[in-house]
Protein chains: 2
Amino acid sequence: MKELLRTKGYKATPQRELIFECFLAAGRHITVDELYQKVRLKDSSVGHSTVWRNLKLICKLGLAEEVNLGDGLTRYDRITPEPHGHLYCLECKKLVEFDMAKLLPALNETAQGSRFQPVGFKIEIQGYCDSCGERLGVTGENSYNGSGTKNVGKKERGKNDDLS
Amino acid sequence: MKELLRTKGYKATPQRELIFECFLAAGRHITVDELYQKVRLKDSSVGHSTVWRNLKLICKLGLAEEVNLGDGLTRYDRITPEPHGHLYCLECKKLVEFDMAKLLPALNETAQGSRFQPVGFKIEIQGYCDSCGERLGVTGENSYNGSGTKNVGKKERGKNDDLS
DNA sequence: TTGCAAATGAATGTCGTTTTCATTTGGGCA
DNA sequence: TGCCCAAATGAAAACGACATTCATTTGCAA
Ligand SMILES: [Mn+2]
Ligand SMILES: [Mn+2]
Ligand SMILES: [Zn+2]
Ligand SMILES: [Zn+2]
């Protein structure tokens, strides 16, 4: 790690090393605050902005990327050897990954059909996981949805005055 | 429109009718502020929060849905008869839609493979549009990308102190 | 060692979203 | 047609995540 940092021209500070270490050890889709908490278990003097900045650096170094599930929180996802998409359970908020290799040909074709030169693909499938679907009795045909999704699962900041 | 509103139990106020009208007349992917501006051309007394609340209502009524391109702005997209995905040009920020019907079988299969009951799909292809790709000399194989995308195009609020 | 650009951390700024609350008003009803 | 009141409105404020500022510290090349 020290290596990578120095060869890329960044200083290997103890805070930075700790943050990188905690990030790599943590699960996927971690938020700034979640990582901040983890880091502080090891060194409570590390600042929030340092964690934020280093998470940005981790992305810049190609080790992670930001993910937006539309819930108002930016999550940082470790880059995987193969591109993957996300399955998001609307009930329990569980996030499962899936390999999107099989979909790539069709996606590239789609892009070319619109004369677009694709660089990245983001696929999110919202629905219900096994247990939630069963518990809620979600049988089959729920589907359909305008542009293909709904921005459900937003963190519910509070109530709407009206339109409850 | 008055009909729909009343049958659903909502009052048909002039502001509400104007907002609905402007939204339906406007292009896709409009932001609260953009719609607010359009509305004020017709009635400058309408408040910002009223536009915001009615946009939420429009979604609740199933006429639109929120779209997050990861640029920190929520856009409201008219629901289309067939689900569609988005092609997003990283250079000029142009947003083009594509019919995702052809991809649905593979997507449903993917979901079932993880025992998920799909409800909605969100597909975003980031890359370069025809003209930008040409101008920038983006030939072909750029691709690959961890979970399938990058959160590029964020509105660049300023610079980063470091990690410029 | 020394010098200095890079990095850090606390505080502060930014800005889109959401709520509060006093006031107005749509529309069911007498 | 007037009344009444829950729903709706609008201005202002609250909220909260992201981002920056700046004084101070520190990695590390020379
Ligand atoms: Mn769209
Ligand atoms: Mn992931
Ligand atoms: Zn679930
Ligand atoms: Zn373009």
Side-chain angles (χ1 to χ4, degrees), chain A residues 1-3 5-20 30-37 39-40 43-60 66-76 151 154-164, chain B residues 1-3 5-20 30-37 39-40 43-60 66-76 151 154-164:
Chain A
M1 200 67 264
K2 259 193 175 70
E3 322 307 310
L5 285 172
R6 288 182 178 144
T7 58
K8 294 280 185 173
Y10 297 98
K11 293 184 178 177
T13 68
Q15 296 95 330
R16 176 164 285 167
E17 289 188 86
L18 176 59
I19 292 170
F20 274 56
I30 198 170
T31 64
V32 184
D33 279 295
E34 287 168 351
L35 184 56
Y36 174 61
Q37 295 307 328
V39 167
R40 287 180 68 92
D43 178 350
S44 65
S45 72
V46 178
H48 190 279
S49 48
T50 299
V51 174
W52 179 82
R53 278 184 289 228
N54 277 292
L55 229 17
K56 288 289 187 184
L57 177 59
I58 285 171
C59 288
K60 182 187 268 194
E66 301 188 345
V67 173
N68 268 134
L69 270 359
D71 65 348
L73 276 202
T74 299
R75 287 161 190 289
Y76 293 81
N151 264 71
K154 190 153 289 185
K155 207 181 54 182
E156 286 298 352
R157 273 203 215 165
K159 49 184 49 186
N160 247 340
D161 185 278
D162 29 48
L163 40 136
S164 54
Chain B
M1 200 68 262
K2 261 194 173 70
E3 321 307 311
L5 285 172
R6 289 183 177 144
T7 58
K8 292 281 186 174
Y10 297 98
K11 291 184 177 176
T13 69
Q15 295 96 329
R16 176 164 285 165
E17 289 187 86
L18 175 59
I19 292 169
F20 274 56
I30 198 170
T31 64
V32 183
D33 278 295
E34 286 168 351
L35 184 56
Y36 174 60
Q37 294 308 327
V39 166
R40 286 180 67 91
D43 178 349
S44 65
S45 72
V46 177
H48 191 280
S49 48
T50 298
V51 173
W52 179 82
R53 279 185 289 229
N54 277 292
L55 229 18
K56 287 289 186 184
L57 178 59
I58 285 172
C59 288
K60 182 186 268 195
E66 299 187 348
V67 174
N68 267 134
L69 269 359
D71 65 348
L73 276 203
T74 300
R75 287 162 191 288
Y76 293 82
N151 265 72
K154 191 154 290 183
K155 208 180 53 180
E156 286 299 351
R157 274 202 215 164
K159 49 184 48 183
N160 246 342
D161 184 274
D162 29 46
L163 40 135
S164 54

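Naming: A, B, ... by sequence-line order, numbering from 1 per chain. All values below come from the heavy atoms of this structure, side chains included, with hydrogens, waters and symmetry mates left out.
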Taking [X] for the side chain and [Y] for the main chain, is one N or O donor matched with an acceptor at less than 3.5 Å?
| X | Y | value |
| --- | --- | --- |
| A/Asn68 | A/Gly70 | no |
| B/Thr7 | B/Glu3 | yes |
| B/Arg16 | B/Lys11 | yes |

Would you indicate, yes or no, if [N] has its OP1 or OP2 atom less than 4.0 angstrom from a side-chain nitrogen or oxygen of [X]?
| X | N | answer |
| --- | --- | --- |
| A/Thr13 | C/dT8 | yes |
| A/Gln15 | C/dG9 | yes |
| B/Asn54 | D/dA8 | no |

Next on the checklist: How many whole angstroms separate atom CG of B/Leu73 from atom C1' of C/dT17?
Outcome noted: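 My rounded result for the distance is 11 Å.
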Next on the checklist: Is a donor from one side chain sitting under 3.5 angstrom from an acceptor on the other, for A/Asp33 and A/Thr31?
Outcome noted: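 Looking only at side-chain atoms, A/Thr31 and A/Asp33 do not form any donor-acceptor pair under 3.5 Å.
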Checklist entry - Can a donor-acceptor pair be found between the side chains of B/Tyr36 and B/Arg40 at a distance below 3.5 Å? => result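 B/Arg40 and B/Tyr36 do have a side-chain donor-acceptor pair below 3.5 Å.
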Checklist entry - For the base of C/dG9, is there a side-chain donor-acceptor partner from A/Arg53 under 3.5 Å away? => result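 Side chain to base: pair found, below 3.5 Å.
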Checklist entry - Mind checking what makes salt bridge (charged side-chain N to carboxylate O under 4.0 Å, His left out) contact with B/Lys2, not counting sequence neighbours? => result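 For B/Lys2, the residues satisfying salt bridge (charged side-chain N to carboxylate O under 4.0 Å, His left out) (neighbours in sequence not counted) are B/Glu17.
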Checklist entry - Does any residue of residues 43-50 of chain B have a heavy atom under 4.0 Å from DNA chain D, and if so, which ones, in number order? => result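 Here the set is B/Ser45, B/Val46, B/Gly47, B/Ser49, B/Thr50.
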Next on the checklist: From the set D/dC18, D/dT9, C/dT25, return the single nucleotide nearest to any side-chain atom of A/Trp52.
Outcome noted: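 Nearest nucleotide to the side chain: D/dC18.
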Item to check | Minimum-distance nucleotide (side-chain atoms of B/Lys56 versus D/dT9, D/dC18, C/dT18) | outcome: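 When the side chain of B/Lys56 is considered, C/dT18 is the closest of D/dT9, D/dC18, C/dT18.
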